Novice: 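One structure follows; several queries about it will come next.
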Amino acid sequence: MKAYLYNLFETTSNALTYLKDSPLTFEAPKIESHGDLSTNVALLLSKSLKRNPREVANEIIAALPIDESIISKIELAGPGFINFFFSPAFISSKIKTIFELGDNYGKSKKYAGKKANVEFVSANPTGPLTVGHGRNAVFGDTIASLLEWVGYEVDREYYFNNAGRQMRVLGDSVRLRYLQILGDEIDFPEDHYQGEYIKDIAQQLFNEHKDTLRNEPAEGLFKAAAESEIFNDIKKTLSRLKIEHKIFFNENSLYEEGKIKQLLDTFKEKNLSYEKENATWLKLSEMGNEQDKVIVKSTGEPTYRLPDIAYHSVKLNRGYDLLVDIFGSDHNATYPDVMVALKNLGYNTDRVKVLIHQFVTILDNGEVVKMSTRKANYVTLDELTDEVGSDVVRYFFNMRNITTHMNFDLALAKKQSDENPVFYLQYAHARICSILRMIESESLKPSFENLDLLVMPEEQLLIKKLSKFEEEVLNSAEQFESQRITNYLEDLATAFHKFYTFCRIMGTEKKLAEARIALALAAKIVIKNGLSILGVSAPDKM
RNA sequence: GCGCCCGUAGCUCAAUGGAUAGAGCAUCAGCCUUCUAAGCUGGUGGUUAGUGGUUCGAGUCCACUCGGGCGUACCA
């Protein structure tokens, strides 16, 4: 519909020259009586033309060549909006397109041939994924999927660090639990990992090696066993949510391949770093940020900033057109340093999109649960998935803008899982499948011959909603906002349920019945495609 | 103190700078001898935290105030 109007205005701009290079856009008004599409172009032009906006709008309307079989009504409204109403037959013809495209309906080729990388989760293997990680994981995977829908070839990537202080403490935590199993009197330190999973790993080591590890160093087998066990669990947790990373990038490889040293040399060459008090500092203040930061500590160990910068330069060198980072808000102070450093190294950071999500506040029976992996007072993502299922977890984290500080009441989530909006969508899909089972026995089939019979308001609204899917996907992808899809699908499901209630198939004259079946099938396609972007299943029966 | 994010119905949240701020949950009243009632119809519920500004038009942009979250490490 939009494309049609753009063409129409293009043609008309020969007569009305001020339409050339005008800020022309069309939007679907919130209120149905304001038409199918509306433009505010007359309002925007009135200033530069120094004319009354309604007068300008009238002139435009008069100049537009209207084909009444396509546009049934055009009107001037309010302060100068031009509202367009499309004919039912034109609207209904969309059903056939949806049917022909099937699983591909909603995909676009706008970014075909481009490559993107989405880095998400990236939790170090020190403990199970928490509900907090769930938001990052689900959102990141959905963004990746949205990018695929608009044409990108996408790599999903997980960045991790299995060296450093955290991991040493982890290894030592396992070692101490192991010694406890051997019967040693151990005062388990408060700054070690308190979780039960540490005991499990220790127990497993004992089962395999008995007491032969008594003198094993923490950084040896203990750390290795912990890392591999925990990583396996993380991958299992993610796979339950249908999340699979193509690339697992180990921070350590940056050292092994000399990237860190290379980067340090480059900073030095470009005079972007200096030595002070035995540490190496990055001249961030000269690059435009607030203050200089340490990149190599006086102990000789780099801070996280250095590998972060190196990692991003490695990814940029791989030739992606778009790099997406999904971070929690605790990283909001670090990425500007990385960005500005990359820029000073000569990289085009426009290719990098950093998406910061706010934290999830977990409430249990109204009480805030403070999350800490080390202190082991967290709710794991697995526990949540056990309680409500993968579909609800995925839908829930996708249905809210990441800028919002989410409150998640566990007790409520468990209790109300039956009333979650995801079931509303799945129910719509299941109902359509039920229609399909029914028509077989009635020897009815979908038909596109008489789509112009679909003139009921419920039918027209549903078709219009279906028509907007491709645009919604594109908007969601370009704005990196998954909640647009869930909002859209809920609206769509509402439109379908109303259609289902008021436009029956059984007991209707055959031509109309078969047109309605075609419409129901089109709705099925869109619901299924939309849910598949979100990674939510579309059941045939409920 | 400074930086980033947030503040919308009782609760959880929507709303490309557009016309009358919307859903779900909760609550109240209706609808199942016909394709799934996990549904549909209607009602109650708002000074969009506050004050000023920009604009033909502000929940949305700007400034300030109040309130909350996260940062502000030679931790990641």
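The model shown is predicted, which means the values in this text are computed figures rather than measured ones. Convention: sequence-line order gives letters A, B, ...; per-chain numbering from 1.
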Novice: A:F496 vs A:Y500 aromatic rings, parallel, tilted or perpendicular, using cut-offs 30° and 60°?
Specialist: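 Aromatic pair A:F496/A:Y500 classed tilted.
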
Novice: Would you classify B:C32 as syn or anti? Syn applies when the glycosidic angle is within 90° of 0.
Specialist: syn

Novice: Would you indicate whether the side-chain heavy atoms of A:K511 and A:L453 approach each other to under 4.5 Å?
Specialist: yes

Novice: Please state whether the rings of A:F84 and A:F26 are parallel, tilted or perpendicular, taking 30° and 60° as the class boundaries.
Specialist: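 Correct class here is perpendicular.
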
Novice: Is any side-chain nitrogen or oxygen of A:Y500 closer than 4.0 Å to OP1 or OP2 of B:C32?
Specialist: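 So the side chain of A:Y500 is outside the cut-off, no N or O lying under 4.0 Å from OP1 or OP2 of B:C32.
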
Novice: Give the dot-bracket line for RNA chain B from 5' end to 3' end: parentheses for intra-strand Watson-Crick or G-U pairs under 3.5 Å, square brackets for crossings, | for inter-strand pairing, dots for unpaired.
Specialist: (((((((..((((....[...)))).(((((.......))))).....(((((..]....))))))))))))....

Novice: Enumerate the residues from residues 459-467 of chain A whose closest heavy atom to RNA chain B is under 4.0 Å, giving them by residue number; use none for an empty result.
Specialist: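 The stretch gives none, as no residue of it lies under 4.0 Å from the strand.
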
Novice: Heavy atoms only, 4.0 Å cut-off, all strands: where does A:N407 land among base, sugar-phosphate and nothing?
Specialist: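 Here A:N407 touches the backbone only, sparing every base.
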
Novice: Can you tell me, in whole Å, how much space there is between the P of B:U16 and that of B:G7?
Specialist: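 Rounded to whole Å, the distance is 13 Å.
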
Novice: Please answer whether B:G71 and A:H331 are stacked, defined here as ring centres separated by less than 5.5 Å and planes angled under 30°.
Specialist: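 Answer is no, no stack.
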
Novice: NA contact type, A:N83, heavy-atom cut-off 4.0 Å: base, sugar-phosphate, or nothing?
Specialist: base

Novice: Side-chain contact, heavy-atom cut-off 4.5 Å: A:P79 with A:L43?
Specialist: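 A:P79 vs A:L43: side chains touch.
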
Novice: For A:R431, what residues pass the salt bridge (Lys or Arg N to Asp or Glu O under 4.0 Å) criterion, not counting sequence neighbours?
Specialist: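 Scan of A:R431 (salt bridge (Lys or Arg N to Asp or Glu O under 4.0 Å), adjacent residues dropped) gives none.
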
Novice: A:D191 CG to B:A76 C1': how many Å, rounded?
Specialist: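 Rounded to whole Å, this separation is 16 Å.
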
Novice: NA contact type, A:T404, heavy-atom cut-off 4.0 Å: base, sugar-phosphate, or nothing?
Specialist: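 Result for A:T404 = sugar-phosphate.
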
Novice: Regarding A:N161, tell me which of base, sugar-phosphate or nothing describes its non-hydrogen contacts under 4.0 Å with the strands shown.
Specialist: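 Answer is sugar-phosphate: A:N161 comes under 4.0 Å of backbone atoms only.
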
Novice: For B:G10 and B:G45, measure between their C1' atoms and round to the nearest Å.
Specialist: 8 Å

Novice: Heavy-atom distance under 4.5 Å between the side chains of A:D325 and A:I356, does that happen here?
Specialist: no

Novice: Any side-chain heavy atom of A:Q291 within less than 4.5 Å of one from A:L284?
Specialist: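 Not in contact.
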
Novice: Can you tell me whether the side chain of A:H405 and the base of B:C70 have a donor-acceptor pair closer than 3.5 Å?
Specialist: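 No, the side chain and the base share no sub-3.5 Å donor-acceptor pair.
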
Novice: Within the structure shown, what part of the strands sits under 4.0 Å from A:D337 by heavy-atom distance: base, sugar-phosphate, or nothing?
Specialist: nothing

Novice: Over all strands shown, is A:A428 touching base, sugar-phosphate only, or nothing at heavy-atom distances under 4.0 angstrom?
Specialist: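 No contact.
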
Novice: Taking the six-membered ring for Trp, are the ring centroids of A:Y335 and A:F327 within less than 6.0 Å of each other?
Specialist: no

Novice: Pair A:K315, A:E119 - check salt bridge (Lys or Arg N to Asp or Glu O under 4.0 Å), show working.
Specialist: CA-CA 10 Å; A:K315 282 197 290 186; A:E119 184 217 323; 3.0 Å; yes

Novice: Under 4.0 Å between any heavy atoms, over every strand shown, what does A:T334 touch: base, sugar-phosphate, or nothing? Just pick one.
Specialist: base

Novice: For nucleotides B:G18 and B:G3, find the distance between their P atoms and express it as a whole number of Å.
Specialist: 29 Å

Novice: In a check of ring-ring contact (aromatic ring centres under 6.0 Å, His included) between A:Y158 and each of A:F231, A:F120, A:Y311, which one passes?
Specialist: A:F231

Novice: Per the atom types in the model, does the base of B:C74 pair as donor or acceptor with the side chain of A:T303 at under 3.5 Å?
Specialist: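 Answer is no: no donor-acceptor pair is held.
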
Novice: Does B:C75 have OP1 or OP2 sitting under 4.0 Å from an N or O in the side chain of A:K297?
Specialist: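 Affirmative; the distance criterion is met.
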
Novice: Mark yes or no for a side-chain to base donor-acceptor pair under 3.5 Å between A:T494 and B:A23, with no hydrogen or angle criteria applied.
Specialist: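 Answer no: no donor N or O sits under 3.5 Å from an acceptor.
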
Novice: Using atom P of each nucleotide, how far apart are B:C28 and B:A37 to the nearest Å?
Specialist: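 Straight-line distance between the two P atoms is 23 Å.
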
Novice: Taking the same atom, P, in B:U20 and in B:C13, what whole-Å distance lies between them?
Specialist: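 Each nucleotide's P atom is 28 Å from the other's.
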
Novice: Grab the CZ-P distance between A:F327 and B:G3 for me, whole Å please.
Specialist: 23 Å

Novice: Can you tell me whether the side chain of A:Y427 and the base of B:A38 have a donor-acceptor pair closer than 3.5 Å?
Specialist: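 In this structure, the two groups form no donor-acceptor pair.
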
Novice: When the P atoms of B:G59 and B:A19 are compared, how many Å lie between them, rounded to an integer?
Specialist: 9 Å

Novice: Checking all strands, does A:L44 fall into the base, sugar-phosphate, or nothing category for heavy-atom contacts under 4.0 angstrom?
Specialist: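 Base: the residue A:L44, judged by heavy atoms under 4.0 Å, touches a nucleobase.
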
Novice: Determine whether the aromatic ring of A:F359 stacks with the base of B:G69, defined as ring centroids separated by less than 5.5 Å and ring planes inclined by less than 30°.
Specialist: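 Here the ring of A:F359 and the base of B:G69 are not stacked, as the 5.5 Å and 30° limits are not both satisfied.
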
Novice: Give A:S38 one of three labels, base, sugar-phosphate or nothing, depending on what nucleic acid heavy atoms sit under 4.0 Å from its own.
Specialist: base

Novice: Would you kindly compare A:A279 and A:P79 by the position of their nearest RNA chain B nucleotide and give the one closer to the 5′ end?
Specialist: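 Its nucleotide being nearer the 5' end, the pick is A:P79.
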
Novice: Using the salt bridge (Lys or Arg N to Asp or Glu O under 4.0 Å) criterion, which residues pair with A:K468? Sequence neighbours excluded.
Specialist: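 Partners of A:K468 by the salt bridge (Lys or Arg N to Asp or Glu O under 4.0 Å) criterion come out as none, since no residue qualifies.
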
Novice: Which comes earlier along RNA chain B counting from the 5' end, the contact point of A:S33 or that of A:C503, where each point is its nearest nucleotide?
Specialist: A:S33

Novice: With a 4.0 Å cut-off on heavy atoms, is A:N124 in touch with a base, just the backbone sugar-phosphate, or nothing at all?
Specialist: sugar-phosphate

Novice: For the side chain of A:S329, starting at C-beta, report the closest nucleotide among B:C70, B:C74, B:A38.
Specialist: B:C70

Novice: OP1 or OP2 of B:A37 less than 4.0 angstrom from a side-chain nitrogen or oxygen of A:R431, does that happen here?
Specialist: yes

Novice: Do A:D292 and A:L282 have side chains that approach each other closer than 4.5 Å (heavy atoms only, starting at C-beta)?
Specialist: no

Novice: Taking the C1' atom in each of B:A21 and B:G46, what is the distance between them to the nearest angstrom?
Specialist: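 Pairwise C1' distance, B:A21 against B:G46, rounds to 9 Å.
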
Novice: Expressed in whole Å, how much space separates the P atoms belonging to B:A58 and B:G52?
Specialist: 14 Å

Novice: For residues 37-58 of chain A, which residue pairs qualify under salt bridge (charged side-chain N to carboxylate O under 4.0 Å, His left out), counting only residues two or more places apart or in two chains?
Specialist: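 Non-adjacent pairs meeting salt bridge (charged side-chain N to carboxylate O under 4.0 Å, His left out): A:R51-A:E55, A:R51-A:E59.
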
Novice: Tabulated below should be each protein N or O lying under 3.5 Å from an N or O of nucleotides 15-17 of chain B; please produce it.
Specialist:
| residue | atom | partner | partner atom | Å |
| --- | --- | --- | --- | --- |
| B:A15 | OP1 | A:Q483 | NE2 | 2.9 |
| B:U16 | OP1 | A:R484 | NH2 | 3.2 |
| B:U16 | O4 | A:E27 | OE1 | 2.0 |
| B:U16 | O4 | A:E27 | OE2 | 3.2 |

Novice: With distance as the sole criterion, is a donor-acceptor pair present between the side chains of A:D391 and A:Q426 under 3.5 Å?
Specialist: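 The criterion, which ignores hydrogens and geometry beyond distance, is satisfied for A:Q426 and A:D391.
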
Novice: When you measure from the side chain of A:S482 to the backbone N and O of A:N398, does any donor-acceptor pair fall under 3.5 Å?
Specialist: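 Side chain of A:S482 to backbone of A:N398: a pair is present.
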
Novice: Check whether any side-chain N or O of A:K47 sits under 4.0 Å from OP1 or OP2 of B:C56, and answer yes or no.
Specialist: yes

